[in-house]
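The structure appears below as C-alpha cells.
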Amino acid sequence: MKSEAEQHFSRELLSWYRANKRTLPWRVNRDPYRIWVSEIMLQQTRVDTVIPYYERFMDRFPTIRALAEAPEAEVLKCWEGLGYYSRARNLQAGARMVMELYGGEVPDDKTSVAGLKGVGPYTSGAIMSIAFNRAEPAVDGNVMRVLSRYFCLEEDIAKPKTRIGIEKLAVSLIPEGAAGDFNQGLMELGALVCTPKSPSCLLCPVMEHCAGRIAGKEHELPIKTKAKPPRPEHRVAAIIAGSGVNAGKVLVRQRPETGLLAQMWELPHLLLTKEQSYLLAIDGAAANEQAVAGELLTKAVESESGLLIRPRKWFMDAEHVFSHIHWTMRFYLADLGAEDYSIAAESAAAYETGGIDGSGESPSEAVEQPYRWIGPEDMETLAFPNLFLRILREYWD
DNA sequence: AACCCGGGGCC
DNA sequence: GGCCCAGGGTT
C-alpha cells in the first residue's frame with residue numbers, strides 16, 4: 001500500500017510535467033534512436049550545451065544505419081568539444097550492434113538495450129521508459145537529488161548501493177502507463193525546480209509533502225562525499241611552424257586509440273617530472289626557462305617525429321581541468337632546424353605516400369601516422385580537444 | 001569500491 | 001575558485 005506522500009508525489013509530478021515540460025529537439029517524437037542519442041549526449045552534460053550538438057549530429061547521422069556506416073573520425077569530429085569522447089565511439093559501436101543483431105531497430109527489450117555499448121543502468125531505463133513507455137527506473141543525479149530531498153534520505157548518493165535503493169523506490173512511484181512522462185518529469189523537476197544549489201521550493205508541485213523541506217534540510221540534501229581533487233600536471237608544448245611546402249602549417253599529432261582524449265589530435269607536448277617543473281621559472285619569457293623547456297621539447301618531439309626542432313620563444317600559458325587531472329601548459333613557438341629543411345620537406349612528401357620517416361611504404365601499408373602538418377582548413381576535418389582548439393585559433397589569428 | 005574519462009555554467 | 005553535474009567502462 002502506498003503512503004499518501006507517495007501517491008501525492010506521483011500524481012502531482014506527472015501532472016506538473018505534462019503542463020510544464022520544455023520543448024526539446026528529442027521530444028518531437030518517440031523515435032528510440034533519437035532518444036538514445038540524446039541520453040548519451042546528456043550524460044554529465046547540460047541541456048543547453050547538448051542542443052546544438054544534437055541538431056548537428058542528427059542532421060549528419062539521421063538513422064542508425066547512417067551512424068553505423070560512418071567513418072569513426074567523422075563521428076568524433078561531430079562530438080568535438082562535447083567531452084567524454086568514448087561516448088561517441090561507444091554510441092557508434094552500439095549502432096553497429098543494432099544493425100548486426102537487431103535488424104537496425106532498437107529492440108523493445110530491457111536486457112537487449114542494456115547490452116548495447118555505452119548503455120548502462122540509467123540510459124537503458126531512460127530508453128525503455130521514454131521510447132517504449134516501459135516501467136523501468138531512470139535514476140541519474142537529478143533523480144537522486146529529488147528523491148533524497150522528498151523522502152529525506154540521508155544515504156551517500158556517491159555510493160553505488162544508494163543508486164540501487166533509489167531505483168527500487170523510483171519504480172514503485174511510476175504511475176500506471178506513464179513511465180516515460182513520469183521519469184522525464186522527475187528529471188525536469190531536478191533541472192528546473194529542485195536544483196542543486198538553491199531549490200525553488202515555493203514553485204515545487206510536491207512541496208506540501210516534501211520530507212526534506214519539512215525537516216528544513218532541503219539545502220543539505222542530498223548527502224554526497226566529495227570527489228578527490230584533480231592531480232596537477234605541468235606540461236610544455238610546441239607550436240612548430242613548417243617551412244617550404246609546409247609554410248603556414250603547424251605540426252600536430254594524434255593521440256593513442258585508448259585512454260585520455262583517445263584518437264583526438266593535439267599539439268606535441270611533454271609531461272614534466274616534479275623536479276623539471278621546479279626548473280621552470282614563473283615567467284614564461286625567462287631565458288633560462290626557455291632553454292630548459294626547449295631542450296626537453298626538442299628531445300621528445302625529435303625522437304618521435306624524426307624532425308629537428310628549434311624552440312624560438314614563449315607563446316602563452318593555458319590551464320585545462322579534467323575531472324581527474326589539472327594541466328598547466330606552457331606553449332612555445334618553434335621552428336625546424338635550418339639544416340634540417342630537406343628532411344622536413346621529405347617528411348611532408350613522405351606523408352603523402354604513407355610514411356613520415358620516408359621509408360616509402362605504400363599508403364595501404366601505412367600502419368600509423370601520428371604526426372601531420374596542418375593548416376587552418378584542416379581544423380574542419382580533424383577532431384581537437386577544446387584546449388588545443390583555443391590555442392590553434394589564437395595562433396592563426 | 002576506486003579510478004578513469006571533458007567540459008562548461010554557476011555562485 | 002569551488003561546486004555542480006541528464007553516467008559508463010575498466011580494474
Side-chain angles (χ1 to χ4, degrees), chain A residues 17 21-22 24-27 35-54 76 79-91 93-94 113-127 129-130 137-146 156-164 166-167 170 180 183-192 194-199 219 221-222 224-231 233 255-264 266 318-327 383-390:
Chain A
Y17 175 70
K21 67 175 176 182
R22 291 169 291 180
L24 297 171
W26 45 90
R27 287 181 178 164
I35 307 295
W36 180 14
V37 172
S38 75
E39 291 301 338
I40 299 299
M41 283 193 175
L42 287 164
Q43 289 169 9
Q44 309 298 98
T45 314
R46 285 175 173 71
V47 165
D48 290 340
T49 303
V50 164
I51 288 175
Y53 282 92
Y54 182 80
L76 200 58
W79 211 271
E80 178 185 77
L82 202 48
Y84 286 115
Y85 299 98
S86 66
R87 291 185 296 173
R89 295 190 294 139
N90 287 338
L91 176 58
V113 168
L116 296 174
K117 203 77 183 287
V119 176
Y122 163 74
T123 307
S124 64
I127 293 173
S129 61
I130 299 172
V139 174
D140 64 358
N142 272 325
V143 175
M144 289 197 282
R145 182 175 60 256
V146 169
D156 182 356
I157 66 168
K159 297 195 181 306
K161 184 195 287 187
T162 304
R163 198 204 73 231
I164 306 290
I166 293 185
E167 280 176 349
N183 282 349
Q184 291 183 84
L186 220 30
M187 295 185 274
E188 197 85 337
L189 189 75
L192 300 180
C194 196
T195 50
K197 279 294 161 56
S198 50
H219 295 288
L221 295 171
K224 187 180 184 182
T225 54
K226 276 179 271 207
K228 270 176 42 178
R231 68 172 182 274
E233 286 187 1
R255 296 182 59 87
E257 297 229 1
T258 59
L260 182 67
L261 303 170
Q263 292 170 256
M264 306 284 286
E266 65 180 5
E319 305 270 331
H320 195 72
V321 183
F322 304 93
S323 41
H324 58 307
I325 312 175
H326 185 144
W327 277 358
F384 286 85
N386 270 1
L387 165 64
F388 297 105
L389 278 180
R390 282 201 303 274

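If you're wondering where the values come from, they're calculated on a predicted model, not measured in any experiment. Chain letters run A, B, ... following the sequence lines, proteins first, then strands; residues in each count from 1.
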Using a cut-off of less than 4.0 Å, is there contact between a side-chain N or O of A:Lys224 and OP1 or OP2 of C:dC4?
-> no
Donor-acceptor side-chain pairing of A:Asn90 and A:Arg87 below 3.5 angstrom | no
Nearest whole angstrom, please: distance from the C1' of C:dA6 to the CD1 of A:Ile166.
-> 15 Å
May I ask you to say what A:Leu261 touches in the nucleic acid, namely base, sugar-phosphate or nothing, with a heavy-atom cut-off under 4.0 Å?
-> sugar-phosphate
A:Met144 atom CE is separated from C:dC4 atom P, nearest whole Å, by 13 Å
Are A:Tyr122 and A:Glu39 close enough that a side-chain donor and a side-chain acceptor fall under 3.5 Å?
-> yes
Using a cut-off of less than 4.0 Å, is there contact between a side-chain N or O of A:Ser38 and OP1 or OP2 of C:dA6?
-> no
Toward the 5' end of DNA chain C, which comes first, A:Pro196 or A:Thr123, by nearest nucleotide?
-> A:Pro196
Select base, sugar-phosphate, or nothing to describe what A:Val321 touches, counting heavy atoms under 4.0 Å on all strands.
-> base
Provide, to the nearest angstrom, the distance between the NE2 atom belonging to A:His324 and the P atom belonging to C:dG8.
-> 18 Å
Side-chain donor/acceptor of A:Thr195 to backbone N/O of A:Ala191, under 3.5 Å = no
With a non-hydrogen cut-off below 4.0 angstrom, is A:Pro229 in contact with a base, only sugar-phosphate, or nothing?
-> nothing
Does some side-chain heavy atom of A:Trp79 sit less than 4.5 Å from a side-chain heavy atom of A:Leu91?
-> yes
Whichever of A:Arg27 and A:Lys197 has its nearest DNA chain C nucleotide further upstream toward 5' = A:Lys197
Rounding to the closest angstrom, what is the interatomic distance between B:dG6 and C:dT11 at atom P?
-> 16 Å
Classify the nucleic acid contact of A:Ser198 as base, sugar-phosphate or nothing, counting any heavy atom under 4.0 Å across all strands shown.
-> nothing
A:Asn142 near the nucleic acid: base, sugar-phosphate alone, or nothing, with a heavy-atom cut-off under 4.0 Å?
-> base
Between A:Arg27 and A:Glu188, is there a salt bridge with N-O shorter than 4.0 Å?
-> yes
For A:Val50, answer base if it contacts any base atom (sugar-phosphate contacts may also be present), sugar-phosphate if it contacts only those atoms, and nothing otherwise; contact means non-hydrogen atoms under 4.0 Å.
-> nothing
Can the ring centres of A:Phe322 and A:Trp327 be said to be less than 6.0 Å apart?
-> yes
note: A:Lys226, atom NZ; C:dC5, atom C1'; distance rounded to Å ~ 16 Å
Once you round it to whole Å, what is the distance between C1' of C:dA6 and CH2 of A:Trp36?
-> 18 Å
Hey, which sits more toward the 5' end of DNA chain B by its nearest nucleotide, A:Arg231 or A:Phe384?
-> A:Arg231
Could you tell me whether A:Arg163 contacts a base, only the sugar-phosphate backbone, or nothing, with contacts defined as non-hydrogen atoms closer than 4.0 Å?
-> nothing
Integer-rounded Å distance: C:dC5 P and A:Leu82 CG = 18 Å
For C:dC4 and B:dC5, measure between their P atoms and round to the nearest Å.
-> 22 Å
For A:Ala191, answer base if it contacts any base atom (sugar-phosphate contacts may also be present), sugar-phosphate if it contacts only those atoms, and nothing otherwise; contact means non-hydrogen atoms under 4.0 Å.
-> base
Considering only atom P, compute the distance from C:dA6 to B:dC11 and round it to an integer number of Å.
-> 14 Å
Start at the 5' end of DNA chain B and walk down; is the nucleotide closest to A:Asn386 or to A:Tyr84 reached first?
-> A:Tyr84
Looking at every strand, decide which applies to A:Lys159 at a 4.0 Å heavy-atom threshold: base, sugar-phosphate, or nothing.
-> nothing
Distance in angstrom units between A:Ile40 CD1 and C:dG8 C1', rounded | 8 Å
May I ask you to evaluate whether A:Gln44 reaches the phosphate of C:dC5, defined as a side-chain N or O under 4.0 Å from OP1 or OP2?
-> no
Tell me what A:Gly259 touches on the nucleic acid: a base, only sugar-phosphate, or nothing, going by heavy atoms under 4.0 Å.
-> sugar-phosphate
Select base, sugar-phosphate, or nothing to describe what A:Ser323 touches, counting heavy atoms under 4.0 Å on all strands.
-> base
Please check if any side-chain donor atom of A:His326 sits under 3.5 Å from a side-chain acceptor atom of A:Glu319, or the reverse.
-> yes
State, without any angle test, whether A:Gln184 and A:Tyr17 hold a side-chain donor-acceptor pair at a distance under 3.5 Å.
-> yes
Please state whether the base of C:dC4 and the side chain of A:Arg145 form at least one donor-acceptor pair under 3.5 Å?
-> no
On DNA chain B, which is the earliest and which the latest nucleotide, 5' to 3', with an atom closer than 4.0 Å to a heavy atom of chain A?
-> B:dA1 to B:dG8
Give a yes or no on whether the ring-centroid distance for A:Tyr54 and A:Trp26 is below 6.0 angstrom.
-> yes
